[in-house]
Structure formats: structure tokens, C-alpha cells
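The next block holds one structure in the form of C-alpha cells; read it before the comments.
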Amino acid sequence: MNRIFIKNSGFADNTRSVNDFFDIKRLRRIDGLSKLALCAAAKTLYNTDISLEEEKNDIGLIIATGRGSVKQTCNFMDGIIDGGDVLASPLAFSHSVHNSIETSITVLLNMRGPCLTVSQGGSSFSSAAVTAKSWLMSGKCKYVLLGAADEEHPVMSKEYEDEIVKKECAAFFLLTLEETPDELIVENIKPDDFNPSLYAFELAVKTGQLMTKDGARRIAEDFVKAALAERKRDAMSVFERKNIPELMQIPDEGEKQKIFDGIKILCSIDGGKDLNAQTAGEECFKSMQKHNKITFSTSGSTGIPQNCVHTRDMVKEEVGAVTFLFENIERVISTVLSHHSYGFIFSLQMPERLNLPVLSYPPAPVLQWDKNLKKGDLLVTFPLFLKYLMQLDFKFPPGVTVLTSTAPMPDELMENIYKNGAQRVIEIYGASETGAIGFRENPGSSFFLLPCWTYKEENRMIKSISRKSTPLQRDLPDIVKLKGDRVFSVDGRIDKAVQVAGVNVFPSKIEKLLRQHSMVKDAIVRLGQERLKAFIVLQKGVSEKEARASLHDYMETVFTVHEIPKPLTFGDKLPVTSFGKKADW
């Protein structure tokens with residue numbers, strides 16, 4: 001069989017995370033391009049199910065670089081021009097040799113298989129891929145780690161003018177004869193004299209796994225934290241626990257099983273597989289590596305919670321559509337959990353795409369946020385938390401960007417955040433079913449539709465949206481009015497009917513009528529098992545017994561038999577999720 005496949009791929013256009021894989025002392029004399037390649041190579045090997053130590057003799061290494069380290073070459077030549085042969089830097093000379101990248105990788109990753117550097121200008125990657133295929137087909141090695149790396153320099157920009165993409169990038173592929181969802185078709189690789197490694201970078205972004213090992217572990221941990229916090233646990237004690245074994249000391253056996261069942265759905269794990277606290281994160285990684293999908297659950301704020309499947313291609317399309325908003329971000333500070341679609345994209349996937357470090361904190365306003373945040377940070381959070389911060393009159397350090405979603409951001413709250421020092425405030429409009437749809441940055445302004453979407457309109461209203469590159473199409477749950485080309489406002493939710501015994505009823509209408517009762521302060525209505533149910537907050541001083549009798553007579557008068565909610569639940573406040581959205585009870 002004359003086919004080769006991509007077992008995993010990794011990419012880097014900056015070196016922020018290289019210290020996560022290597023002792024900083026060992027990187028001291030290594031040039032920037034080699035660090036970039038090391039970063040991408042280490043990510044590729046780390047997020048696989050093979051052991052580098054066991055397979056180090058059976059992994060071949062091929063590096064493709066169109067120009068090598070242009071910066072070091074120019075530094076060496078400048079040294080000769082400025083000081084003559086005697087004063088030229090020997091270190092710059094050693095790094096200007098094109099196979100210095102190969103040397104750095106084999107030494108620091110302790111690889112012992114065959115290795116080669118290919119430098120043929122714009123044809124470097126295509127030629128290297130042909131060689132990688134021949135190595136695998138001939139049995140020279142079991143795997144090939146194929147990499148491409150090039151850097152940008154003013155000399156190159158001047159030579160090629162606007163035809164060169166000003167991007168330093170490295171990309172690596174672990175190739176195998178074992179069939180995977182991603183085949184490397186060597187004949188499809190086109191030479192590029194202007195950007196020799198850009199095709200490899202874009203291919204690695206496309207074919208990279210849905211989830212890293214660390215990301216899968218974090219998703220499982222966040223799912224457990226949310227499940228425990230929603231069961232009325234002391235939320236802070238839950239968030240203080242660092243891993244699943246610690247967290248799973250809290251629930252009883254019945255609760256544990258429910259949590260593990262939820263993790264199986266989230267990560268597409270075989271229902272018959274037994275999970276435990278030690279293996280849950282690893283099993284999440286293996287399953288998402290195999291199936292390349294994740295299943296989010298809606299909050300149920302407008303009905304029964306539903307599962308929403310997002311494939312790798314859908315996720316990557318969404319991430320590609322939002323990254324332009326965060327080009328100047330240096331670090332992500334997250335207060336949202338990663339098993340929700342919003343947290344998954346903006347505190348896991350987007351930082352991974354931009355190679356940004358992520359720090360996670362519980363959404364507790366009393367923490368020392370003036371010390372937790374610094375210039376260049378993106379605070380990923382939600383309106384309810386920001387409301388608490390503003391009530392404490394918190395002042396943002398200079399240069400902080402605030403990202404918010406999960407619920408509408410009141411204009412007054414956005415104004416206060418700007419007044420209190422935030423450099424930018426970005427509100428994302430979206431849903432678990434669709435992911436991010438649009439964004440805005442100013443109070444009172446409309447939303448801009450993200451570039452991954454097209455839409456169908458009717459009478460200047462957006463009725464449905466469709467992804468450009470993946471098969472995702474949804475009707476919008478809100479009244480969305482067009483204000484211009486790809487500009488819209490959100491003017492409330494569509495009043496959707498539910499069926500009770502085959503009859504359409506409207507929960508929002510029933511909520512409105514319940515609030516008109518003199519004893520009722522607030523109410524929420526939704527479909528239960530077969531009938532509607534209601535959660536009611538009473539006015540101060542009203543007893544539940546008195547209210548039940550009065551409401552019974554009132555509902556008999558104003559509602560049809562199908563509209564009467566049963567049962568009635570009373571409480572001091574409406575049930576909400578940790579994000580401040582309406583929740584089930």
C-alpha cells in the first residue's frame with residue numbers, strides 16, 4: 001500500500017512554550033529558529049501514545065528548511081563586514097549551517113534514528129516528504145518525524161516585497177504507515193519560493209489533534225469540579241483541589257458513577273469502559289485522539305439540556321475565525337471551565353493555536369486580581385463575575401483585555417469596565433450548538449459576524465447561519481436584526497413553544513402571567529417530564545402555604561389545563577449556573 005499517514009502534528013509560530021519541554025539551561029546557546037523547531041517537534045511527540053524512549057531508534061528525523069537561520073547568517077556576514085574575518089562570531093557561523101536545527105533536535109530529544117536535512121529553497125518540504133515516504137516504504141524506520149522551519153528577516157522582506165508572508169513558523173508531522181484519518185499526499189505539496197515552510201504550518205494546524213494530553217486532563221478535571229459545585233458543595237474547596245483523585249474524595253459512589261458517565265459523553269468514551277480517578281484524563285485523551293470530537297451540553301436555559309457534538313474540523317474552523325481578535329495577547333487568565341464550549345475554545349483551543357500560556361483561577365472576586373493580572377493578559381470570564389468585580393470597584397492594571405460571553409453583557413457594565421481601566425472589552429455572542437457567532441467591543445454597538453459564517457435573511461432578520469467550511473447549520477434562538485453587511489443586533493429570545501400532551505404552550509407567556517400575581521417576585525417555567533414545571537420566588541413576607549393556595553386559584557383562572565405548571569418549586573432566588581445563566585432544578 002503506497003500511502004503514508006499523519007499520526008500527529010504540531011506547530012509553532014513563537015517560542016513561548018519551549019521552556020515547558022526543556023530545561024532552560026540547555027537552551028542557552030540555541031538560536032531562535034532551532035527553538036521554534038524544538039517547540040513544534042516536542043509538542044508533536046509529547047501528544048502521542050508512543051514512548052520516545054522506547055522508539056528513539058526507530059524514529060527517523062527529516063528537517064526541511066528553505067533558507068535555514070537567515071538571522072544568524074546575516075549576523076555572521078555583518079560581523080565580517082564590520083570587523084573582518086577574525087572578529088566574526090563563531091556561534092553565529094555554527095547556527096547559520098542549515099543542519100543545526102537537526103542537531104539541536106536529536107541532542108535535546110535524544111533521538112537515535114536516521115536523520116537528514118533538506119534545503120532546496122521552495123521545494124524543501126515537498127522533497128523532504130518524498131524522502132520520508134521512501135524511508136517508511138523501505139522499512140528504514142517505523143516512524144518519520146518530518147519537520148519544516150523557516151524564519152522571517154528584513155533582508156527577505158526587501159527581496160520579495162509583498163509576496164512574502166511575514167511569519168516565522170515551524171511544523172512537524174509524525175508519519176506512519178498505520179492508517180489514520182489524515183493522509184499525507186506528497187503529490188499535493190506545492191513548492192513555495194516565497195514562504196518555504198508556510199504550507200507545512202497550515203497543514204499542521206489543520207491536521208493537529210483535537211486535544212493535547214494536558215488539555216484532555218483539564219477538561220476531565222473541570223467537568224468534575226462543575227458537577228461537584230452544582231451539587232451545592234463548597235465551591236472554593238472544590239476549586240482548591242488540584243486533580244481528579246483529590247476531587248473524587250468528595251462524592252459518594254453513586255455520584256461518582258454519574259460524573260464518570262458524564263465524562264464518557266463529553267469525550268466520546270465507550271460506555272462500557274470503566275473509568276476511575278486515576279485514568280479518566282488519559283482515557284479522555286485517547287478517545288478524543290481516536291474520534292476527534294467533543295460533546296458539549298447546553299445549559300438548558302430555554303428548555304431541556306441537549307448534547308451538541310463538535311468535530312475537530314468544526315473546532316478548528318471556529319478557532320481560525322477568532323484568533324485575529326487576540327494577536328497582541330501574551331497570556332490567558334481564565335475563570336471559566338473548559339468543558340463548556342466557551343471555555344473550551346477561548347481558554348484551551350485559541351491559546352493552543354497562538355501558543356499562549358494559560359492560568360486558571362476560580363471565579364472568586366475576592367482573590368488578588370490586581371496581582372493576578374498584568375499587561376498583555378486576556379481575562380476570559382463572564383458577566384456575573386465582572387458585575388461582582390465592579391461592585392468591589394476593582395481597577396484593572398494597564399493593558400488588560402477582558403473577554404466575556406455565556407450571557408448578555410449590559411451596556412452599563414461594559415462602560416464601567418472601560419472606566420475601571422480595561423484596555424479592551426470583547427463580548428462574544430454564541431451558543432453551545434454553534435460556538436462563537438459574533439463579537440462587539442463597545443457598549444451600545446452592534447455585533448460583527450465572525451468570518452466563518454454565512455447567513456440567510458428574511459425582512460432584514462437573520463433566520464439561520466451556516467459554516468463556510470464545515471457542515472454546521474442552525475436556526476438562531478434569538479431575534480437577530482441586520483444593521484448592515486454582516487453587522488447585527490440581538491433583540492431578545494424567540495418565544496418558542498413546547499408540547500404538553502400534544503398541545504403547543506409557551507413557557508415565556510406563562511412566566512409573564514405568573515409574575516403578574518401580587519405574591520410573585522419572579523418565576524421561570526420549563527418542560528419537565530410530561531408537564532410544565534415552575535420555580536417561583538415569592539415577595540418578601542409571603543408564606544409558601546398561602547402562596548400555593550392563591551396561585552392554584554389564579555392559574556385555574558388564567559391558564560388552560562395544558563399551561564398549568566406542576567409541580568411548583570419555591571426558593572429565595574431563581575436557579576442559575578456558575579455563569580449566571582438560568583439553570584434546571
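Small disclaimer: the values here were computed from a predicted structure and weren't measured.
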Rounded to the nearest 0.5 Å, how far does CD1 of I294 lie from OG1 of T311?
-> 11.5 Å
Would you find more than 12 non-hydrogen atoms of other residues, nucleotides or ligands less than 6.0 Å from K468 atom NZ?
-> yes
Quick one: does S9's side chain have a donor or acceptor within less than 3.5 Å of a partner on A204's backbone?
-> yes
When rounded to the nearest 0.5 angstrom, what is the spacing between OH in Y418 and CZ in R424?
-> 7.5 Å
Minimal non-hydrogen separation, P565 against M555, with atom names | CD-SD, 3.6 Å
Check step by step if side-chain contact (heavy atoms from CB on, under 4.5 Å) holds for Q423 and K375.
-> CA-CA 9 Å; Q423 178 174 295; K375 184 178 180 180; 5.7 Å; no
Measure from the side-chain N and O atoms of S334 to the backbone N and O of L359, and report whether any donor-acceptor pair falls under 3.5 Å.
-> no
Any side-chain heavy atom of M414 within less than 4.5 Å of one from T404?
-> no
Any donor and acceptor pair, going by atom type alone, linking the side chain of Q209 with main-chain N or O of G10 inside 3.5 Å?
-> no
Side-chain H-bond candidate by donor/acceptor type, N355 with N14, under 3.5 Å | yes
Which heavy atom of G435 sits nearest a heavy atom of H310, and at what distance?
-> N-CE1, 4.0 Å
P451 and R486 have their tightest heavy-atom pair at CA-NH2, 3.6 Å
Distance only, no hydrogens: is a donor on one side chain within 3.5 Å (strictly under) of an acceptor on the other, for D20 and S17?
-> no
Are a donor atom and an acceptor atom from the side chains of T295 and N307 found within less than 3.5 Å of each other?
-> no
List the steps and the verdict of salt bridge (charged side-chain N to carboxylate O under 4.0 Å, His left out) for E318 and R467.
-> CA-CA 9 Å; E318 181 179 357; R467 285 281 185 85; 3.6 Å; yes
Within a strict 4.5 Å, meaning less than it, do heavy atoms of the Q539 and S518 side chains meet?
-> no
Side-chain heavy atoms of V490 within contact of I479, under 4.5 Å | no
Would you say L325 and M350 make side-chain contact, with heavy atoms under 4.5 Å?
-> no
Passes side chain to side chain donor-acceptor pair (under 3.5 Å), S338 versus D222? Steps please.
-> CA-CA 6 Å; S338 58; D222 283 354; 2.7 Å; yes
For A523 and I536, the nearest pair of non-hydrogen atoms, with its separation, is CB-CG1, 4.3 Å
Counting only heavy atoms not in L392, do more than 12 sit closer than 6.0 Å to its CG atom?
-> yes
For the residue pair Y429 and F488, is the inter-centroid distance of their aromatic rings smaller than 6.0 Å?
-> yes
Can you name the side chain to side chain donor-acceptor pair (under 3.5 Å) partners of S341, sequence neighbours left out?
-> none
Do T470 side-chain atoms and M314 backbone N/O form a donor-acceptor pair below 3.5 Å?
-> no
Is the shortest heavy-atom distance from the side chain of R440 to the side chain of V425 under 4.5 Å?
-> no
Does the pair V315 and R312 meet the rule for a side-chain contact (heavy atoms from CB on, under 4.5 Å), with working shown?
-> CA-CA 5 Å; V315 169; R312 178 186 66 172; 5.8 Å; no
In this structure, are over 12 heavy atoms from other groups packed under 6.0 Å from K213 atom NZ?
-> yes
About how many Å separate NZ of K387 and OG1 of T381, when rounded to the nearest 0.5 Å?
-> 14.0 Å
With W369 as reference, evaluate F394, F385, F396 under the ring pair (Phe, Tyr, Trp, His ring centres under 6.0 Å) test and give the passing residue.
-> F385
Can you see which heavy atom on I333 is nearest to which on Y361, and at what distance?
-> CG2-CD1, 3.7 Å
Is it true that K533 and D584 have a side-chain N and a carboxylate O under 4.0 angstrom from each other?
-> yes
Counting only heavy atoms not in D370, do more than 12 sit closer than 6.0 Å to its CG atom?
-> yes
Between Y342 and V380, is there a donor-acceptor pair closer than 3.5 Å when you use the side chain of the first and the backbone of the second?
-> no
Between D261 and K258, is there a salt bridge with N-O shorter than 4.0 Å?
-> no
Within residues 519-543 or reaching into it, pairs that qualify as ring pair (Phe, Tyr, Trp, His ring centres under 6.0 Å) - sequence neighbours excluded = F535-W585
Minimum heavy-atom separation for F260 to A280, with atom names?
-> CE2-CB, 4.2 Å
Determine, stepwise, if the pair K512 / F506 fulfils side-chain contact (heavy atoms from CB on, under 4.5 Å).
-> CA-CA 10 Å; K512 183 177 180 180; F506 294 86; over 6 Å; no
Measuring from I329:CD1 to L378:CG, what's the distance to the nearest 0.5 Å?
-> 4.5 Å
Counting distance only, does the side-chain N/O of K264 pair as donor-acceptor with the main-chain N or O of G271 below 3.5 Å?
-> yes
Return yes when atom CD of E246 has more than 12 non-hydrogen atoms of other residues, nucleotides or ligands closer than 6.0 Å, and no otherwise.
-> yes
Neighbour count >12 (heavy atoms, 6.0 Å) for atom CZ, F22 | yes
Answer yes or no: does atom CD of Q368 have more than 12 heavy-atom neighbours from other residues, nucleotides or ligands under 6.0 Å?
-> no
If you measure from the Lys or Arg side-chain nitrogens to the Asp or Glu carboxylate oxygens, is any gap between K35 and E168 under 4.0 Å?
-> no
W453 CH2 to R474 CZ distance, which is reported to the nearest 0.5 Å | 8.0 Å
Decide if atom CG of D572 counts as having more than 12 heavy atoms of other residues, nucleotides or ligands within a radius under 6.0 Å.
-> no
Does K374 reach the side chain of P397, with side-chain heavy atoms less than 4.5 Å apart?
-> no
Main-chain N/O of C267 paired with S287 side-chain donor or acceptor, under 3.5 Å = yes
Could you tell me whether a side-chain N or O of H340 sits under 3.5 Å from a main-chain N or O of S432, the two making a donor and an acceptor?
-> no
Show the numbers, then the answer: is there a salt bridge (charged side-chain N to carboxylate O under 4.0 Å, His left out) between D214 and R217?
-> CA-CA 5 Å; D214 292 340; R217 184 165 52 249; 2.4 Å; yes
Steps toward side-chain contact (heavy atoms from CB on, under 4.5 Å) verdict (N8, Q289) = CA-CA 9 Å; N8 192 27; Q289 185 184 39; 5.8 Å; no
dist L514:CG -> H517:NE2 (nearest 0.5 Å) comes out at 9.0 Å
Could you tell me whether E221 and R218 make a salt bridge, using a distance below 4.0 angstrom between a side-chain N and a carboxylate O?
-> no
Any side-chain heavy atom of T212 within less than 4.5 Å of one from Y46?
-> no
With a distance cut-off below 6.0 Å to the six-membered ring centre and an angular limit of 45° from the axis, does K225 pair with F239 as a cation-pi contact?
-> no
Examine distances only and state if a side-chain atom of E511 and a backbone atom of V525 form a donor-acceptor pair shorter than 3.5 Å.
-> yes
Are any side-chain N or O atoms of K256 and backbone N or O atoms of A277, one a donor and one an acceptor, separated by less than 3.5 Å?
-> no
Between R515 and D522, does at least one N-O distance fall below 4.0 Å, as a salt bridge requires?
-> yes
